[in-house]
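Okay, so here's the structure we're looking at.
Values reported hereafter were calculated over all heavy atoms of this structure, with side chains retained and with hydrogens, waters and symmetry mates removed. For ligands, and for the atoms within them, numbers begin at 1 and follow the listed sequence.
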Amino acid sequence: MTTVLIIEDEPLLQDLITYALENDGYQIINITTGTEGLAAAQAEPSPDVIILDVQLPGMDGFEIGRILQGEARTANIPIIFLTARTAMKDKLTGFNLGGIDYLTKPFDVAELRARVKATLHRVKIEQDKVRLDLEQYKSSLAQNTSYELLTPLSKVLSALDVLSRDSTQNNPEQLQRMIEVARSGANELHWLIEDLLLTNKLAHEEVKPLLHQKVDLAQAIHLIIEQTTMKYRSENFVFQVKVPEGCAISMHRKHLYHVLHHLLDNACKFSKLSADGGQIKLTVEPLEHGGVEIIIVDKGVGIPSELQEKVFEKYYQPDMSLTRKYEGMGLGLYISRTIAQAYKGDVTLKSQLRVGTTCCFTIPEVG
Ligand code: CA
């Protein structure tokens with residue numbers, strides 16, 4: 001049932017409003033002081049709309065309104081102020097005016113009834129829209145995720161299919177190739193699932209940096225490049241790697257793999273879409289005050305300047321029409337930056353359309 005909270009200290013007015021709104025089928029809660037009114041507004045379940053007198057004993061109506069709008073749980077309860085003051089505009093500074101309406105005393109009860117009805121109608125439309133948007137978002141997310149998982153899975157299945165046929169028909173090289181295809185597909189699946197799990201975890205807790213583990217950077221880079229080469233085998237990308245010998249950084253091995261995997265994977269995705277792509281450079285340079293900067297340069301399609309920050313948003317997809325072209329769940333850069341920042345580092349991009357992208361991943365030495 002729709003509940004209307006009336007906070008009004010004039011008994012006559014209170015009776016009048018109550019009578020009218022009860023006739024309209026609302027459940028009414030009547031309060032006569034400011035402090036009690038605030039408590040009633042904050043109580044669970046929240047009222048659907050509040051009719052709030054401005055001049056009240058105990059606490060001013062505006063004060064109550066400000067407190068309610070300042071708290072997430074009560075911020076969206078619509079308020080209709082009743083006021084004898086006419087200069088309402090300046091009084092409403094600081095309010096989210098979307099949830100606020102007012103009537104100047106004396107007012108027509110019919111007018112108040114109409115306002116309550118209109119307010120509730122507006123709230124319902126807004127809630128329906130949020131619900132619909134959320135449904136659409138969930139469904140497109142589920143669709144995209146399924147698609148992303150199916151692609152490598154079908155790689156694994158078709159390779160297994162070839163292997164399970166009469167193996168005498170295949171030469172050893174072909175067999176080896178099929179095993180690699182299956183392994184690469186399984187590896188891609190592994191990363192996708194890791195990304196989903198990590199993203200879910202990041203929604204509830206922060207990345208815990210692990211600083212006492214030293215990871216050999218050259219080894220880590222070569223491992224991830226090997227996996228990436230396997231994934232993009234048909235593209236024949238050339239990786240030019242420059243890492244100082246024996247360079248080690250203090251980082252959780254898994255965190256480092258995540259970032260390297262995503263940044264190299266992005267470079268490949270961008271290169272794949274460009275005729276000039278194919279050469280990807282990875283350089284490791286020491287930072288002035290300790291730590292390193294890993295720079296990945298591709299000659300791929302590039303990212304339009306207006307999207308260069310947006311691509312770091314969670315589940316960001318460049319554009320519905322481009323989604324499938326760019327591939328991916330839109331988590332790579334979000335995960336990479338979140339991890340890097342947990343180590344007081346960062347991931348940044350410089351990109352030019354049709355020229356390429358330079359991606360910098362910094363990890364300072366943290367004592
Ligand atoms: Ca009053």
> Quick check: does Glu8 have an N/O/S atom under 3.0 Å of the Ca ion (ligand 1)?
Replying inline: no

> Rounded to the nearest 0.5 Å, how far apart are NZ of Lys201 and CD of Glu206?
Replying inline: 12.0 Å

>> Using salt bridge (charged side-chain N to carboxylate O under 4.0 Å, His left out), reason through Glu135 and Arg131 one step at a time and then give a plain yes or no.
In response: CA-CA 6 Å; Glu135 281 306 315; Arg131 208 171 299 133; over 6 Å; no

>> Can you tell me which N/O/S atom of Asp9 has the shortest distance to the Ca ion (ligand 1)?
In response: OD1

> So, are Arg113 and Asp24 salt-bridged, with charged N and O less than 4.0 Å apart?
Replying inline: yes

> Atom CG in Leu120, atom CZ in Arg115: separation rounded to 0.5 Å?
Replying inline: 13.5 Å

>> Looking only at N, O or S atoms, which one in Asp53 sits nearest to the Ca ion (ligand 1)?
In response: OD2

